[in-house]
Amino acid sequence: MTTPNSKIVGSAVNRIDGVQKVTGQARYAAEQMSEHKPLVGWIVASDTAVGKIISLETGLAEQSEGVHAVVTYKNAGPMKPFSNPEDEGRFTQSRAVLNEPYIRHFGAPVALVIADTLEQARYAASLVDYTIEGQTPELLTHFEGATEVPDSLDGGFEPDANSGNKPDNNDVKTSVNSTYTTPSQISAAMEPHATVAEFKNGKLEVFTSVQIIAPAVQALAVTLEMDPKDIVVQSPFIGGGFGSKLGLHYDATLACIGARYVERAVKVVLSRRQVFYNTPHRGHSTQQMTLSANSDGALVSIVHRSAMPKAKGYEFAEATGAGARVTYQSQYIESTHRVKDVDLPLIDSTRSPGDAIGSLAFESAIDELAHEAGVDPLTFRLNNLPVVHPMKGTPFTSHNLGECLRQGAQQFKWQHKPQPSNGKVIGHGVASAMRMNIFVESSAQVEIDEQGKVTVCTDMTDIGTGTYTILAQIAADALQTSVNNVTVQLGDSRYPASCGSGGSFGAASTGSAVKRACEALIDSIQSQLPAELSNAKLYVEEGKIKAAKPNAEDSATPFLITDYIPTNTFPISAIGKVSEDDTSDDEQYSCGAHFAEVEVDTYTGEVRLLRQYGMFSAGQILNIKTASSQIKGGMVWGAGYALTEGIHHHEDSASFVNPDFGEYHIAVNRDIAEMSLDFLEEPDYAASPVGAKGIGELGITGAGAAIANAIFDATKVRVRDFPITMDKIISG
Amino acid sequence: MATLNLNGNDVSLPDDPRTTLLDFLHQHLSLFGTKKGCDHGQCGACTVLVDGERVNACLVFAFQLEDCEVTTIEGIGQSDNLHPLQQAFIERDAFQCGYCTSGQICSGVSLLQELRNGDPSAVSYNSKVSLKEDISERMSGNLCRCGAYPNIVDAITDVIALERQ
Ligand code: FES
Ligand code: FES
């Protein structure tokens, strides 16, 4: 195992794509191929959730000015249907749409109008007339309605798990029995999903906004019944993903079938409302918990039962009980997950699936138990920490939850509450964060030219996480050069396949692949040197690749690599690969402790955040600046989840009442107050060759619960139905 | 021929009266720095300056802007000549995905002028409200799903400090 003596990895390097982003030069999917003058596609959306199209009249639209075609199930061309039983993989399965006269959810496409301009397409779409013979949609409306055991849970968890023995009644001193509900939520990345596609000589070229490239190629090949070799997918800049762009969505399929039909480049950009219906959201959850402690304040029983909807034909269920299974030691732990198949748009990963909403409920209920037991909620958590996995007994590669809580409390000044102003109350809240670390297969290529210029290529994506920058940092350290000397090329299916961005696995997995590629590159160069120099340490300086003679006395006299390797051998490249074999079988978790200070107006119930603070442990931090930003972003989501966010369902029509930013309230600048955080650095080489663990989902896990607990501390009102809006506080 | 002045150059207005300024920039001029996040005035991603004041480009029709001066992110600064706020955004890491960033920066540039002018905000009447809170309030029309808000406020604060030096 190597211990890098790194200077660049970890440091606060500014984003290497920063200038492009602040000058508006970074090109996102919808902005590509503009020189091809793509035609514009606009979706005619279904006003019915489930049913059969019994009439469809497109003539008026087709005659409308600027219109090139109206694509419907009648003319869309061959596609493999959605959700065949033999389909494999959520992100590689068919994403067929307009392939049959059936509608599966409200807002689904009935037709695609393709015109010269957006205005023409939109107007013509209003001329398409259709009738759908509807059926009553199925929804999950109460806990008992979810009876199905999901085939699997996201993250590979078993749907049901229990360990230990139920405690005797005598051993139980305090119990809480609480049911929490969290609403349906949506990623709502600022960039709406968008695709531009063009067929040229039987080959398909696609620019889209997608977090993982290789499965996107596969999904298009499956959907359109093509050879994946004939498809190129590019996604150089992505305006946020948060899970909603793990796979392709209707914009991609529609742009491709549209381009196939009109034999021109076609662009489909979802409107904000279309994003709500044509891309995934997170299902609402009901979480019933019974938690018990003994007279010493030790947890003796944790029972967590989750009920959530699951979109018909799509295998995705969240492990909301993951936190209940791993955060605290308890004599008995039981966790079950039930789902119900519903007629809603796709339900899939939204930032930190399982834990984002699991922690809202579980960490609030833990707080309830601490208060019932008369123990300070911070102390209660510290008193119940596990040493090994509480259910499995297996060791953690590292476990710093205790230190995060302890040091975090000090930094936050847990004991010190400011004086509230008139009519206000102030409270403090804490919550633990445990987020499973995932390390997956990935690969990258690194190339060096004779001037020592380094290029990293991989189909990895940067969804705002800072991938461009951290990969440059890793390569710069490994090849002993500066970040400025490294070019990083991402998001192109012609580059080596990576894991993509998702599940917080991107940085550690692809970062390790880049490190491996650099090591292989060094090996390759060294092997071409005379034997006595083959251990020479390479570095790049002043546009030349140099090396220090391995023999210590001569180390002051470096030599030029090009003195030994002919310049026409360059560029020299190498591929680095990592897989699940490069990570430990032990339990891997990133840990954190969230703290919040809130002020609540006792007359109106208005909550104002005063401070959010977090202490985190996630292995080696690859770039302290971008990592802190990512965590802060998670904490902002936590504020939204605690206080404002939620989709309201209209049950009769299975539609959403508030599918836009006017009514679905993500946190705005002024909702957030002082926010700070620290990392307890502890490179975890058991987790990944670069020592890093995931951070993208750690920041949200527990962030909302800390706020909810602070509201309780301030008001003594426990709201168990998220988000905690003013009305619920006053009526509590 | 009706024109508007875009980043210092006259451009002719589109024929279609339905074309918003935002779609005009994209469809007719292939100028993509200004982003569309909602098309309904709900997110601020499309913020540009019209005669020096911030405006949501999705909420005005291009034809309304005859003879107006429009500045988009491309006119705020260039790669080799960044506006101090663009530089501060980089230093403070005031963005992640970058999709809201053009709008945030245009809004921020306008905010700087509003403060110089002494224009009020919804909280500025209250002397207890700090400059940071006032900036937060004034930037609340620009959503950022990546959650870069604290860093955005820091970047703007840095530029104000620089100006007041
Ligand atoms: S796109 Fe104009 S405000 Fe959102
Ligand atoms: S930087 Fe991604 S939305 Fe603001």
Side-chain angles (χ1 to χ4, degrees), chain A residues 14-15 17-28 30-31 34-35 40 117-120 122-123 187-192 237-242 269 271-272 462-466 625-626 628-630 632-637 660-662 666-676, chain B residues 16 18-19 23 26-27 30-43 45 72-74 76-79 82-83 85-87 89-102 105 123 132-133 135-153:
Chain A
N14 286 341
R15 285 174 201 262
D17 51 345
V19 171
Q20 279 170 288
K21 286 183 173 174
V22 300
T23 54
Q25 300 305 315
R27 284 284 157 271
Y28 299 80
E31 304 156 6
S34 62
E35 65 289 356
V40 179
T117 70
L118 180 61
E119 296 82 359
Q120 291 165 342
R122 249 183 119 153
Y123 172 67
S187 292
M190 286 304 295
E191 178 205 20
F237 287 100
I238 298 160
F242 313 110
V269 182
S271 74
R272 181 52 60 188
D462 188 332
I463 58 175
T465 41
K625 197 178 262 194
T626 56
S628 301
S629 297
Q630 210 181 343
K632 283 184 195 170
M635 292 164 76
V636 170
W637 277 57
D660 61 32
F661 283 137
I666 71 170
V668 305
N669 202 316
R670 185 142 158 73
D671 291 327
I672 305 302
E674 192 186 315
M675 180 183 284
S676 53
Chain B
D16 192 331
R18 297 169 298 185
T19 306
D23 290 330
H26 290 177
Q27 283 194 149
S30 292
L31 208 57
F32 291 109
T34 312
K35 304 301 181 196
K36 188 186 281 187
C38 70
D39 217 12
H40 280 71
Q42 297 170 340
C43 77
T72 65
I73 188 71
E74 290 89 350
I76 298 280
Q78 295 73 40
S79 308
L82 295 179
H83 185 283
L85 189 57
Q86 290 173 314
Q87 188 60 45
F89 262 59
I90 295 176
E91 297 300 332
R92 288 292 193 164
D93 208 34
F95 55 92
Q96 293 174 48
C97 76
Y99 198 79
C100 72
T101 311
S102 302
I105 291 175
V123 294
K132 281 200 171 202
E133 280 175 274
I135 294 171
S136 256
E137 169 64 31
R138 290 172 192 265
M139 290 302 290
S140 285
N142 289 82
L143 301 182
C144 174
R145 190 51 157 169
C146 295
Y149 302 133
N151 297 2
I152 291 169
V153 173

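Residue numbers start from 1 in every chain, and the chains themselves are labelled A, B, ... in the order their sequence lines are given, proteins ahead of strands.
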K.L.:
Highest number of heavy-atom pairs under 4.5 Å with chain A: which of B:E74, B:Q96, B:E137?
P.N.:
B:Q96
K.L.:
Is there a donor-acceptor contact under 3.5 Å linking the side chains of B:S140 and A:N669?
P.N.:
no
K.L.:
Quick check on B:Q86 against chain A: is it the side chain, the backbone, both or neither that has a heavy atom closer than 4.5 Å?
P.N.:
both
K.L.:
Chain B heavy atoms under 4.5 Å from A:Q120: which part of the residue, side chain, backbone, both or neither?
P.N.:
both
K.L.:
Please look at A:E119 and chain B and tell me whether the side chain, the backbone, both or neither of the residue comes under 4.5 angstrom of a heavy atom of that chain.
P.N.:
both
K.L.:
Determine the minimum heavy-atom distance between A:G239 and B:Y99, stating which atoms define it.
P.N.:
CA-CB, 3.8 Å
K.L.:
Tell me if a side-chain donor or acceptor on A:K632 pairs with a main-chain N or O of B:Y149 at a distance below 3.5 Å.
P.N.:
no
K.L.:
Considering all heavy atoms of both residues, which atom of B:G98 and which atom of A:Y28 are nearest to each other, and what is their separation?
P.N.:
C-OH, 3.2 Å
K.L.:
Select one option (side chain, backbone, both, neither) describing which atoms of A:A188 are under 4.5 Å from chain B's heavy atoms.
P.N.:
both
K.L.:
Might you point out which heavy atoms bring B:R145 and A:W637 nearest each other, and give the distance in Å?
P.N.:
O-NE1, 2.9 Å
K.L.:
Under 4.5 Å from any heavy atom of chain B, what part of A:S629 do you find: side chain, backbone, both or neither?
P.N.:
both
K.L.:
Below 4.5 Å from any heavy atom of chain B, which atoms of A:V636 appear? Answer side chain, backbone, both or neither.
P.N.:
side chain
K.L.:
Which heavy atom of A:M190 sits nearest a heavy atom of B:C100, and at what distance?
P.N.:
CG-CB, 4.5 Å
K.L.:
Do you know which of B:V153, B:L31, B:I73 has the most heavy-atom pairs under 4.5 Å to chain A?
P.N.:
B:I73
K.L.:
May I ask you to check if A:R15 and B:F95 form a cation-pi contact, with NZ or CZ under 6.0 angstrom from the six-membered ring centre and within 45° of the axis?
P.N.:
yes
K.L.:
Under 4.5 Å heavy-atom distance to chain B, tell me which part of A:S187 shows up: side chain, backbone, both or neither.
P.N.:
backbone
K.L.:
Charged N to carboxylate O below 4.0 Å: is that the case for B:K36 and A:E31?
P.N.:
no
K.L.:
Heavy-atom distance under 4.5 Å to chain A: side chain of B:T101, backbone, both or neither?
P.N.:
side chain
K.L.:
Might you point out which heavy atoms bring B:S102 and A:G24 nearest each other, and give the distance in Å?
P.N.:
OG-CA, 3.9 Å
K.L.:
Go through the steps for A:L118 and B:H26 under the test side-chain contact (heavy atoms from CB on, under 4.5 Å), then give the verdict.
P.N.:
CA-CA 11 Å; A:L118 180 61; B:H26 290 177; over 6 Å; no
K.L.:
Below 4.5 Å, heavy-atom pairs only: which of B:D23, B:I105, B:T19 has the largest tally toward chain A?
P.N.:
B:T19
K.L.:
Evaluate B:R138 against A:R670 for side-chain contact (heavy atoms from CB on, under 4.5 Å), listing each step before the verdict.
P.N.:
CA-CA 8 Å; B:R138 290 172 192 265; A:R670 185 142 158 73; over 6 Å; no
K.L.:
Where on B:L143 is there a heavy atom nearer than 4.5 Å to chain A: the side chain, the backbone, both, or neither?
P.N.:
both
K.L.:
Is A:Q630 close to chain B through its backbone or its side chain, or both, or neither, when contacts mean heavy atoms under 4.5 Å?
P.N.:
both
K.L.:
For the CG atom of A:D671 and the OG atom of B:S136, what is their distance to the nearest 0.5 Å?
P.N.:
9.0 Å
K.L.:
Which of the residues A:T23, A:I463, A:V40, A:T117 is involved in the greatest number of heavy-atom pairs with chain B at under 4.5 angstrom?
P.N.:
A:T23
K.L.:
Working to the nearest 0.5 Å, report the span between CZ of B:R18 and OH of A:Y123.
P.N.:
8.0 Å
K.L.:
Is there a donor-acceptor pair under 3.5 Å between the side chain of A:K21 and the backbone N or O of B:I90?
P.N.:
no
K.L.:
Before giving the answer on side-chain contact (heavy atoms from CB on, under 4.5 Å), spell out for B:F32 and A:R27 the whole-Å C-alpha distance, their side-chain angles and the decisive distance to 0.1 Å.
P.N.:
CA-CA 8 Å; B:F32 291 109; A:R27 284 284 157 271; 3.6 Å; yes
K.L.:
Which answer fits B:E91, side chain, backbone, both or neither, if we ask what part of it has an atom under 4.5 Å from a heavy atom of chain A?
P.N.:
both
K.L.:
Quick one: what part of A:F237 sits under 4.5 Å from any heavy atom of chain B, side chain, backbone, both or neither?
P.N.:
neither
K.L.:
Name the region of B:D39, side chain, backbone, both or neither, that has any atom closer than 4.5 Å to a heavy atom of chain A.
P.N.:
side chain
K.L.:
From A:R272 CZ over to B:H40 NE2, what is the distance, rounded to the nearest 0.5 angstrom?
P.N.:
11.5 Å
K.L.:
For the interface with chain B, which of A:I672, A:D660, A:T465 has the highest count of heavy-atom pairs at distances below 4.5 Å?
P.N.:
A:D660
